[in-house]
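Below, chains carry the letters A, B, ... as their sequence lines are ordered, and counting in each starts from 1.
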Amino acid sequence: MEGYDFRAIEAKWQRYWEENKIFKCDKDPSREKFYVLEMFPYPSGALHMGHLRNYAIGDVVARFLRMRGYNVLHPMGWDAFGLPAENAALKSGVHPSDWTWRNINHMRKQLKEMGASYDWDREVATCSPDYYKWTQWLFLLFFKNGLAYKKEAPVNWCPSCKTVLANEQVEGGRCWRCDSLVQKRKLNQWFLKITAYAEELLSSLEELEGWPEKVKVMQRNWIGKSWGVETFFEIEELAMKIPIFTTRIDTIYGATFVALAPEHPLVEDLVKFSPQREKIRAFVEEAMRESEIEREALGREKKGIFTGFYAKNPFSGERVPVWIADYVLMEYGTGAIMGVPAHDQRDFEFAKQYGIPIRVVIKPVDRELPEELEEAYEGDGVMVNSGPWSGLPNREGIERMAEWLKERGLGEKKVNYRLRDWLISRQRYWGAPIPVVYCDNCGVVPVPEEELPVILPLNVNVLEGGASPLPYHDEFLNTKCPKCGGPAKRETDTMDTFICSSWYYLRFTSPWTDRAPFEKEDVDYWMPVDQYIGGVEHAILHLLYSRFFTKFLADQGLIKFREPFKRLLTQGMVIKDGAKMSKSLGNVVDPDEIVKKFGADTARLFILFASPPEKDLEWSDRGVEGCHRFLNRVWRLVSDRIEELRALPNKAIPISEISDRKARDLKRKIHKTIQKVTEDIKDRFHFNTAISALMELSNELIAFEPNDEEALRVFKEGIESLVVMLYPFTPHISEELWQKLGHEETLAYHPWPSPEEDALIEEEINIVVQINGKARGSLKLPAGLSEEKIKELVLQSDMVKKRIEGKKIEKVIVVPGKLVSVVVHD
RNA sequence: GCCGGGAUGGCGGAACUGGGAGACGCAUCGGACUUAAAAUCCGAUGGGCUUUAUGAGCCCGUGCGGGUUCGAUUCCCGCUCCCGGCACCA
């Protein structure tokens with residue numbers, strides 16, 4: 001037999017799979033389904049190692065489960081709208097659409113070349129009109145339900161991307177995509193009311209048992225639920241109530257000031273009445289300008305200005321100064337706070353800065369606070385200096401003071417979330433148009449469903465500086481009002497691309513339908529996604545948005561489940577020389593090169609072998625070579641005896657009928673390997689240890705020298721088990737060897753082997769002997785002995801006798817099948 | 001600062017419910033084959049020591065310090081360092 005010609009073999013089987021549509025799947029209610037999904041890529045140009053890893057992991061799962069008899073849905077598509085297409089257009093003059101489709105074609109080819117087993121009949125691209133028609137349809141559904149709305153608000157503006165961003169897309173004050181500093185601008189924009197689902201998005205995280213704790217914690221923190229009290233401080237001479245939110249109402253006797261956010265609407269009124277209005281106005285303007293850049297500056301000095309007014313503490317009646325402070329955020333709570341310097345570090349710093357009094361009202365139980373505080377005490381304790389409440393444990397105080405307010409109508413308990421509504425307008429061209437028109441008579445009018453899709457015009461010129469051409473595209477811009485028929489203008493903003501990716505997993509269940517975003521019976525059969533696989537960078541963004549969409553669609557009666565992804569695997573990064581692969585570091589390894597040089601099977605095998613999927617993977621050229629060597633050994637192992645092997649019957653010999661000891665040992669190794677590999681893949685996704693078990697089996701097969709027919713038949717069983725179990729990892733070489741062994745059917749649906757129980761039972765057991773807790777050797781004993789017998793044999797053995805001579809046996813511990821521990825003393 | 005995860009040979013990583021730490025792979029060294037090299041194959045490989053020099057035996061060793069246990073990479077207490085996320089959220 002010829003050598004391992006991976007190029008020919010891989011091309012051959014890829015063609016075979018494609019021509020025969022081997023991985024096409026249909027819904028079949030009589031069979032148990034499994035939906036494996038990897039996060040679909042943005043078609044940026046070419047696959048990188050991270051993609052290869054993601055899709056290799058998904059492919060192993062899909063192929064394994066097909067062999068286990070599941071009806072497997074494993075689709076692929078393209079997250080095809082987005083800014084890089086426009087940037088490429090600016091740079092090279094290619095139309096975003098052409099650029100995108102060219103990349104899709106290239107990357108599809110690459111996915112096929114890595115041997116991924118997708119049902120390509122289900123491919124979707126979010127930029128094609130028959131997809132974004134339904135993205136727009138879903139927008140209208142949100143709109144009709146009052147969950148899509150337009151409002152003017154201070155929003156995040158990325159000056160480099162020339163568009164606004166959702167809060168989730170700002171990381172540490174910088175744009176998630178281009179890392180520019182984000183500015184605040186007051187703009188009129190479209191939002192989706194994700195906050196309507198804040199509570200459920202939070203509470204149902206607990207049901208997601210198949211999700212990594214890390215991701216759930218990140219979502220929990222992002223939603224940021226906190227319980228507290230809303231009450232108010234009143235400026236009596238203006239009859240103005242300043243509402244404040246606090247989680248620490250127990251500290252209210254320590255409130256020595258009140259502070260408003262510079263953007264707070266009441267600020268305007270205060271300015272009017274203040275004698276020093278000029279100074280205040282200047283401060284507010286300054287603060288609002290500065291907040292854009294300086295807000296994220298670390299350890300930055302807090303700034304504020306006294307308004308000249310005093311407001312009354314609802315509990316003590318004390319009048320405290322009202323300040324405007326730049327560290328108070330308009331977007332959270334009521335946009336105003338009570339300042340308690342002794343028990344809040346931020347207020348403490350502010351008070352120190354401006355000489356505001358610091359008054360301790362909570363005393364820790366286990367120690368005394370210093371006379372002069374160096375930092376705020378934020379812990380629990382007993383209330384002091386708090387009028388009638390003094391002496392009460394503060395946790396109890398929180399409850400009782402809230403009731404006290406409620407009884408008097410001065411305030412009540414309140415829950416606040418950090419989560420804000422999702423800003424979805426983008427001032428970009430390459431996205432799904434928001435299906436809305438503006439009519440002088442009727443105002444904001446949604447485009448009727450029958451008129452969808454609102455087509456994104458392709459005959460546009462890329463504009464200097466990169467701004468969207470849509471507002472200047474007369475044909476697109478000018479339209480008729482669907483309501484009154486009068487002249488109207490289209491919305492020229494497009495939707496955040498995260499909208500497109502918030503429902504693609506539903507579309508995959510029936511991508512061909514033109515009646516609805518998805519067919520109900522298909523979605524009912526296939527959803528939810530049983531295993532979702534992707535990078536942790538979407539822990540909040542895509543994964544939170546998709547959960548929101550799912551809950552909304554469930555409330556609309558379109559789907560029956562409230563969580564889209566049952567199990568989630570977040571794969572680690574691909575690292576080289578200790579750092580993430582990146583162009584700027586110059587440590588990128590191109591998957592194409594590896595596939596060309598060693599083949600897709602080798603590339604897949606290395607990626608899966610080098611590290612468990614959730615951990616980072618250190619790239620090693622040597623490691624790749626090692627995997628290639630392994631496949632060569634397997635190839636030789638089979639081809640060296642191919643004629644003999646083909647001539648043998650396919651039926652395995654039961655272990656009880658094998659006469660030779662070595663052959664029985666091999667049989668046992670085969671079935672132990674089946675057991676281990678199955679468990680490693682199925683229960684734990686530990687592909688690295690599954691592969692190492694297959695390497696061990698291969699090593700034993702190489703060392704085994706069959707010299708009669710019985711031995712040869714056990715050998716053949718081993719060879720075939722190896723080839724079959726390698727299939728999910730290295731499908732091409734497996735198919736080829738399988739065929740060479742005389743089989744006609746593809747391995748794609750070949751039943752996954754299960755271990756023969758008899759063949760798992762050891763004849764002899766190695767019993768470890770410990771004396772005083774130290775391992776001193778081992779004894780080979782026949783399996784199935786009673787505890788007493790084992791104990792007896794161990795104590796009689798020379799090894800033990802020699803060591804316990806003249807000593808007293810205190811205790812003997814027998815762990816059946818494993819070890820005997822003898823404790824002695826002089 | 002808060003939250004989450006981690007630390008095991010020269011390297012990537014194994015070790016399931018507490019049971020001989022280092023599977024598998026890489027690298028290194030030695031050998032075989034070869035005119036030679038590559039490829040391939042065989043063997044050794046945590047550190048140290050004793051020894052009748054070889055059949056062997058002993059000590060140390062999973063970030064650090066304690067503890068529980070016949071026995072701890074695994075469980076408990078207290079630290080150190082590294083990685084990731086969040087960070088004026090009242």
Query raised in the report: Base, sugar-phosphate, or nothing: which does A:Ser226 touch, judged by heavy atoms less than 4.0 Å apart?
Result: sugar-phosphate
Query raised in the report: Listed by chain and number, what are the ring-ring contact (aromatic ring centres under 6.0 Å, His included) partners of A:Phe233, not counting sequence neighbours?
Result: none
Pairs under 3.5 angstrom only: tabulate donor-acceptor contacts from the side chains of residues 212-220 of chain A to other protein residues two or more places apart or in another chain.
residue, atom, partner, partner atom, Å
A:Lys216, NZ, A:Leu208, O, 2.8
A:Gln219, OE1, A:Arg547, NH1, 2.7
A:Gln219, NE2, A:Ala539, O, 2.8

Requested in this report: Please name all residues satisfying salt bridge (Lys or Arg N to Asp or Glu O under 4.0 Å) with A:Lys676, sequence neighbours left out, ordered by chain then number.
Outcome: A:Asp680
Please write out each protein N/O paired with an N/O of nucleotides 66-70 of chain B under 3.5 Å, distance rounded to 0.1 Å.
residue, atom, partner, partner atom, Å
B:C70, OP1, A:Lys811, NZ, 2.6
B:C70, O2', A:Gly773, N, 3.3
B:C70, O2, A:Ser821, OG, 2.6

Requested in this report: Verify the contact: side-chain N or O of A:Asn699 to OP1 or OP2 of B:G25, cut-off strictly under 4.0 Å; return yes or no.
Outcome: yes
Report summary line: Pairing string of RNA chain B (Watson-Crick or G-U wobble, both atom distances under 3.5 Å; | = paired to other strand) is (((((((..(((......[....))).(((((.......))))).(((((.....)))))..(((((..]....))))))))))))....
Close N/O contacts between protein and nucleotides 9-13 of chain B (under 3.5 Å):
residue, atom, partner, partner atom, Å
B:G12, O2', A:Ala610, O, 2.8
B:G13, O3', A:Asn688, ND2, 3.3

If you look only at distance, which donor and acceptor atoms sit under 3.5 Å apart when one is on a side chain in residues 625-633 of chain A and the other is two or more places apart or in another chain?
residue, atom, partner, partner atom, Å
A:His628, ND1, A:Phe598, O, 3.3
A:His628, ND1, A:Thr602, OG1, 2.9
A:Asn632, ND2, A:His628, O, 3.4

Please write out each protein N/O paired with an N/O of nucleotides 41-44 of chain B under 3.5 Å, distance rounded to 0.1 Å.
residue, atom, partner, partner atom, Å
B:C41, OP1, A:Arg636, NH2, 3.4

Query raised in the report: Between A:Arg220 and B:G85, does any side-chain N or O lie under 4.0 Å from OP1 or OP2?
Result: no
Between the protein and nucleotides 47-52 of chain B, which nitrogen or oxygen pairs are less than 3.5 angstrom apart?
none

Query raised in the report: Listed by chain and number, what are the ring-ring contact (aromatic ring centres under 6.0 Å, His included) partners of A:Phe191, not counting sequence neighbours?
Result: A:Tyr149
Query raised in the report: Checking all strands, does A:Val217 fall into the base, sugar-phosphate, or nothing category for heavy-atom contacts under 4.0 angstrom?
Result: sugar-phosphate
Query raised in the report: Out of A:Lys414, A:Lys241, A:Lys413, which one pairs with A:Glu230 under the salt bridge (charged side-chain N to carboxylate O under 4.0 Å, His left out) rule?
Result: A:Lys414
**Report entry** Heavy-atom donor-acceptor pair, A:Lys302 side-chain to B:C88 base, under 3.5 Å
**Finding:** yes
Requested in this report: Check every strand shown and say whether A:Gly224 touches a base, only sugar-phosphate, or nothing at a heavy-atom separation below 4.0 Å.
Outcome: nothing
Query raised in the report: Mind checking what makes ring-ring contact (aromatic ring centres under 6.0 Å, His included) contact with A:Trp619, not counting sequence neighbours?
Result: A:Phe606
Query raised in the report: Can you name the ring-ring contact (aromatic ring centres under 6.0 Å, His included) partners of A:Phe609, sequence neighbours left out?
Result: none
